[in-house]
There are 2 protein chains.
Amino acid sequence: MLTAMSPSIGRPSLRDRTREEVFALIRDSRDLTRSSLVDLTGLPSSTVSHAVTRLLAEGRVTESTAPAKGPGSGSGRPGLILNAVASATRTGAIDFGHRHLRVGLGDDMGNVVDEETVVLNVDRSPVKGLDEAVRLLRALCDRNQVTSLACVVGGVPGPIEAGTGLVNSTTTLSNWAGMYPARELEDRLGVPALVANDASVGAVGELYHGAGRGHRDFLYIKASHGIGAGLVVNGQPYQGGSGFAGEIGHIIIAGRPELCRCGNRGCLEAVVSVPSVREQLGHTHPHLDPDSIELASLEDPISARILNEAGRSLGAVLAGLCDLFNPTLLVIGGELGTSGKSLIDGVRASVNRYAQPATSAAITVVPAGLGRRAELMGAVQMAGALSHQ
Amino acid sequence: MLTAMSPSIGRPSLRDRTREEVFALIRDSRDLTRSSLVDLTGLPSSTVSHAVTRLLAEGRVTESTAPAKGPGSGSGRPGLILNAVASATRTGAIDFGHRHLRVGLGDDMGNVVDEETVVLNVDRSPVKGLDEAVRLLRALCDRNQVTSLACVVGGVPGPIEAGTGLVNSTTTLSNWAGMYPARELEDRLGVPALVANDASVGAVGELYHGAGRGHRDFLYIKASHGIGAGLVVNGQPYQGGSGFAGEIGHIIIAGRPELCRCGNRGCLEAVVSVPSVREQLGHTHPHLDPDSIELASLEDPISARILNEAGRSLGAVLAGLCDLFNPTLLVIGGELGTSGKSLIDGVRASVNRYAQPATSAAITVVPAGLGRRAELMGAVQMAGALSHQ
DNA sequence: GGGGGTTTTTTCGCGCAATGAAGGAATGAA
DNA sequence: TTCATTCCTTCATTGCGCGAAAAAACCCCC
C-alpha cells in the first residue's frame, strides 16, 4: 500500500534523471519555454535542448507553435511554449462523504475525465460504501473504455494513521474506525491505493484547482457534520507526525456549555457544525428538513446572523491556530463553508480580531472555490501525482 | 541577504551531481557505509563506489578503519564507515537574548568551535547588541586565527518578515521592531547574514543536537519573558507563509483576567511567562531577586505548584495547537522550560487531557535538551548549512 | 584451519548523457 | 537593411553512470 505522496520513488535510472526532471517541470508548471527551463534548472541550454528534443521525439511533450509573449524582456526571438501530453493512463478517485459518494476517473495530469455521484449513507456502512464505490468506478471505466487504472486515491472522514493506513479508533466514533480502507480498495481493485483524510484531500483540490492556487501555506477547513482541517505546507499536503494533523474538531472553547458527542463540553464541532447550526435554525425554520435542505438557501436576517455567529466561533479558534501556523489563506469548505457570505464574514471578523495583527494581515479568508467537489478533485490530483512515481 | 535555508542552490555542475548528493548524505547522516548509501540513493553500487573513491581522493571524506558493527545482518564483510571532513570554513552565530548575548564560531558541519557569552540588556538597545555581537565575533575570530567567515546566522526575539528580513512592528513591542538585523550584520561584517526568530533558531538547535533528534515534526516552545514557538516540519524549520509562524504568545485563554502588555486580557504570555510566574512566586519568596535568581532553584511545594499550574495553562493552549499540527514532540525551552519537572508535568497533563487521544498519544513532552544554548547551537547549525549552498 | 555462505566493495569496458563553444534562427528597433 | 537581442540547435569531447563479475572481508561450522 502506498502511504504518502513521496517524490520520485521510481527513478528509472540516473542517466536520464535530467530528462525526467525537465519533464516533471513541464508537467507541473505552465507556459514553460526552453529558456525558462534553463533558468529553473540551472542547466546549460544545450542540455535542456537535448532533453526537450528527446521528449518531443518520444511524444511526451508538444510545442505550441504560437510563440510565448511572456515578460522575457521585449525583443528577441520568442520562445516556444512546451506542454506535457496527458498520457492514456487513467486513475481512480473516491470521495467518501457522510451521505454521498463521489467517484471519478482522472488522467495523470490531475484532470477529471469523468465522474459520478450517488446519495448514500456511507457513514452507516463503510463496507457498503467501498463496494458501491468500486462498482461505480468499474462502471466509469467501462463507459470510458478504460481497461486498467494506475492507482486509486480516496478521502474518508476520519484520522488515518501514517504508515499503516488504519483509521484511528480512539479519536473518531465513526464506523470507519479500525478499518484499513486503502487495503480494502487494493484488495477489491488490484491496484495501488492511497486513502487520506477527507479534509487533507480537499486541501489538495483547492491547492491545485481552487482557491489555494498560488498559495504555498494555507488551511482548508471542512466544516460539515464535523470539523476538520487540511494543511498545505510549503506547497505540499501535510499530514502531521503520525497522520492526524488537522483534527481540530474537538478543540475546546472555554466557557461554552454545548455537550459534544465525545463527552466534553464546548468542543468546536459541538458549537459549529451542521447539526448544531441546524438546531439553531430550527427555531426560525420549524419545517427545515434536516437531511435535504441547503443551508445556502437561507437568506433571511436571522439565519444570516446565526451563521455569522457560527463563523465567529470558528474564527476565534482558527485565530490561535493561525498564530502558530501563519497561513496566507483560509479556505472554508464543507456544507457550512459553502453556505454563503455570512459565515465567512464571521470567520474573517474573528481572525482579524484575535490573531496577531501581522498574522491576520497576511491572511485571506474565502469559501471553497470548488464547493463540494474539492475532495474529489483533490483525490484525482493526488492520484495523478501518484501515477507518475 | 539570505532569507531561507533552501537546499543546494549552488549546483556546481550536473555532471557530478551524484557525487555531491552522496557527499551531502555523508555529511548530514552518521555512520554511513557505501552499501547504506546504495540503499539510500538507489544507485548502483558501482556508481557509489566511484563517487566515494573520488571524494576520498579529494580529501572531503575519510574512512574510519574500524568496521561498522551496524545491524547489517550479522555475517558478511563489514562496511567501512565514511565521515565527512569538516573543512576549515568558519561561520558566525549569534543569539540575541533579552539580557544576554551569546556569540559562537562554528564549522561547516554545524559544530561549535568556540563561544562567548556576556550579560547585556539587548532589549534596551538592539543596536548596541549588534555592535557588541560583532565585536565579540571578531574577537573569537582573532582568538582562533580565523581570517574570514562564510556567513553569519542570528536569532532575535521578534517576528521576522519573510523575504525582507524586517522585524515586524505591528506584532512586537520590542526595540527590534522596524529593524533589518540581517542587513545590519551584513553591513558590519561584509558576509552573508541570515537572521531568524529566536524560537525558530532554538528549534533547529534541538533538532540537530538536542531533544529533537530523530523527530521530523515537533514544536520547540521558548517560554521566557514572552512565549514563542519554533516549528519543525518534515525535518525542516518552518517559518510560515510570511515568516510569523510560532507567534503564539498572544493566543487568548478565554475567561482569564490577566492584563497583557498588548492590551488584551488573558493572553498566554500574560498568564505564563517569567514576569507573571515571578510575581506569583513573590508571595512566597518575598526576597526573590527579579533579575538573577534561577527559577530552577525553587524546589518547595508551593513553588512547584505554581510552576505546575503555569505548565497546565500553557499545555491547554498547546493541546489545541497539537490537534492541528500533530507533532511527535514538544520541547519546552526558555527560562521556564528549564525550570524543572513541575512545569513540564503540567504541560504534559494538559496535553493529555485536552488534545485528541490519538494526537496526545503520539506526543512526548520534554524540557529543552540543550537548555539555554539551544539558540546558539541552532544558529551554528543553520550557518553550517548555509555555508555549503 | 579449511570450506561454504554472506555481505561489502572494487574492477572493467561500454554507452551515452552533460558540457561549452559556436553558430543559426526569429524577432524588434534603428 | 543592419544591428542588437534572445532563443535554440549543432558538434565534438569528456567522463559519469551502468551492469556484470570478481575480489575482499567477515562469520559459522565441521
Side-chain angles (χ1 to χ4, degrees), chain A residues 8 10-26 31-58 60-83, chain B residues 8 10-26 31-58 60-83:
Chain A
S8 68
R11 150 152 53 189
S13 135
L14 216 166
R15 298 215 60 155
D16 30 32
R17 184 157 71 179
T18 298
R19 198 179 337 130
E20 294 308 321
E21 181 183 336
V22 167
F23 178 70
L25 281 168
I26 296 174
D31 293 351
L32 285 184
T33 68
R34 290 171 177 78
S35 75
S36 48
L37 283 168
V38 169
D39 295 341
L40 281 170
T41 59
L43 294 168
S45 54
S46 57
T47 303
V48 171
S49 173
H50 194 251
V52 171
T53 302
R54 212 171 137 169
L55 288 170
L56 285 168
E58 289 170 355
R60 301 172 66 190
V61 161
T62 56
E63 240 172 1
S64 69
T65 48
K69 56 196 176 308
S73 66
S75 76
R77 173 177 174 176
L80 297 175
I81 289 181
L82 302 168
N83 290 299
Chain B
S8 69
R11 145 155 56 188
S13 137
L14 216 167
R15 295 210 66 152
D16 28 35
R17 186 155 71 180
T18 298
R19 198 178 340 128
E20 294 308 320
E21 183 182 334
V22 166
F23 177 69
L25 282 168
I26 296 174
D31 293 349
L32 285 183
T33 69
R34 289 173 179 78
S35 75
S36 47
L37 282 168
V38 169
D39 296 340
L40 281 170
T41 60
L43 294 168
S45 53
S46 57
T47 301
V48 170
S49 173
H50 194 37
V52 171
T53 302
R54 214 174 133 165
L55 288 170
L56 285 168
E58 290 170 355
R60 301 171 66 190
V61 161
T62 56
E63 242 172 1
S64 68
T65 47
K69 55 198 177 303
S73 66
S75 76
R77 173 177 174 174
L80 297 175
I81 289 182
L82 302 168
N83 289 299

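Chain letters run A, B, ... following the sequence lines, proteins first and then strands; every chain starts at 1.
- The base of D:dC7 sits within donor-acceptor range of the side chain of A:Arg77, with an N or O pair under 3.5 Å.
- Going from atom CG of B:Leu43 over to atom P of C:dT9 covers 15 Å, rounded to whole Å.
- In the set D:dC18, D:dT9, C:dA18, the nucleotide with an atom closest to the side chain of A:Arg34 is D:dT9.
- The side chain of A:Thr33 lies closest to D:dC8 when the candidates are D:dC8, D:dG19, D:dC26.
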Would A:Thr47 and A:Thr41 count as a side chain to side chain contact (heavy atoms under 4.5 Å, CB included) if you check the C-alpha gap in whole Å, the side-chain angles of each, and the deciding distance to 0.1 Å?
CA-CA 10 Å; A:Thr47 303; A:Thr41 59; over 6 Å; no
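- For the pair B:Glu20 CD and D:dC16 C1', the interatomic distance rounds to 14 Å; values are reported in whole Å.
- Closest to the A:Arg19 side chain, of the nucleotides C:dA17, C:dT11, C:dA26, is C:dA17.
- As a whole-Å value, the separation of B:Phe23 CZ from D:dC16 C1' is 19 Å.
- Look at CG on B:Leu82: it is 12 Å from C1' on C:dT8, rounded to the nearest Å.
- In terms of phosphate contacts, B:Ser49 brings a side-chain nitrogen or oxygen within less than 4.0 Å of OP1 or OP2 of C:dT10.
- In this structure, of D:dC16, C:dT9, D:dC8, it is D:dC8 that holds the atom nearest to the side chain of A:Leu80.
- Proximity of A:Arg54 to the phosphate of C:dC16: no side-chain N or O atom is located under 4.0 Å from OP1 or OP2.
- The side chain of B:Ser46 lies closest to C:dT11 when the candidates are D:dC8, D:dC16, C:dT11.
- The nearest whole Å value for the distance from the CD atom in B:Glu21 to the P atom in D:dC16 is 15 Å.
- Remark: B:Ser46 engages B:Pro44 in a side-chain contact (heavy atoms from CB on, under 4.5 Å) (not counting sequence neighbours).
- Tested against A:Ile26 for a side chain to side chain contact (heavy atoms under 4.5 Å, CB included), the candidates A:Thr62, A:Ile81, A:Leu82 yield a single pass: A:Leu82.
- Atoms NE2 (B:His50) and C1' (C:dC14) sit 14 Å apart, rounded to a whole Å.
- Salt-bridge formation is detected for the pair A:Arg54/A:Glu58: a Lys NZ or Arg NE/NH1/NH2 atom is positioned less than 4.0 Å from an Asp or Glu carboxylate oxygen.
- From B:Arg17, atom CZ reaches atom CD of A:Glu21 across 4.5 Å, with rounding to the nearest 0.5 Å.
- Here B:Ser35 lies in heavy-atom contact (under 4.0 Å) with sugar-phosphate atoms only.
- A:Ile81 has its CD1 atom 13 Å from the P atom of D:dC7, to the nearest Å.
- Nucleotide C:dT9 holds its C1' atom 12 Å from the CG atom of B:Leu56, rounded to whole Å.
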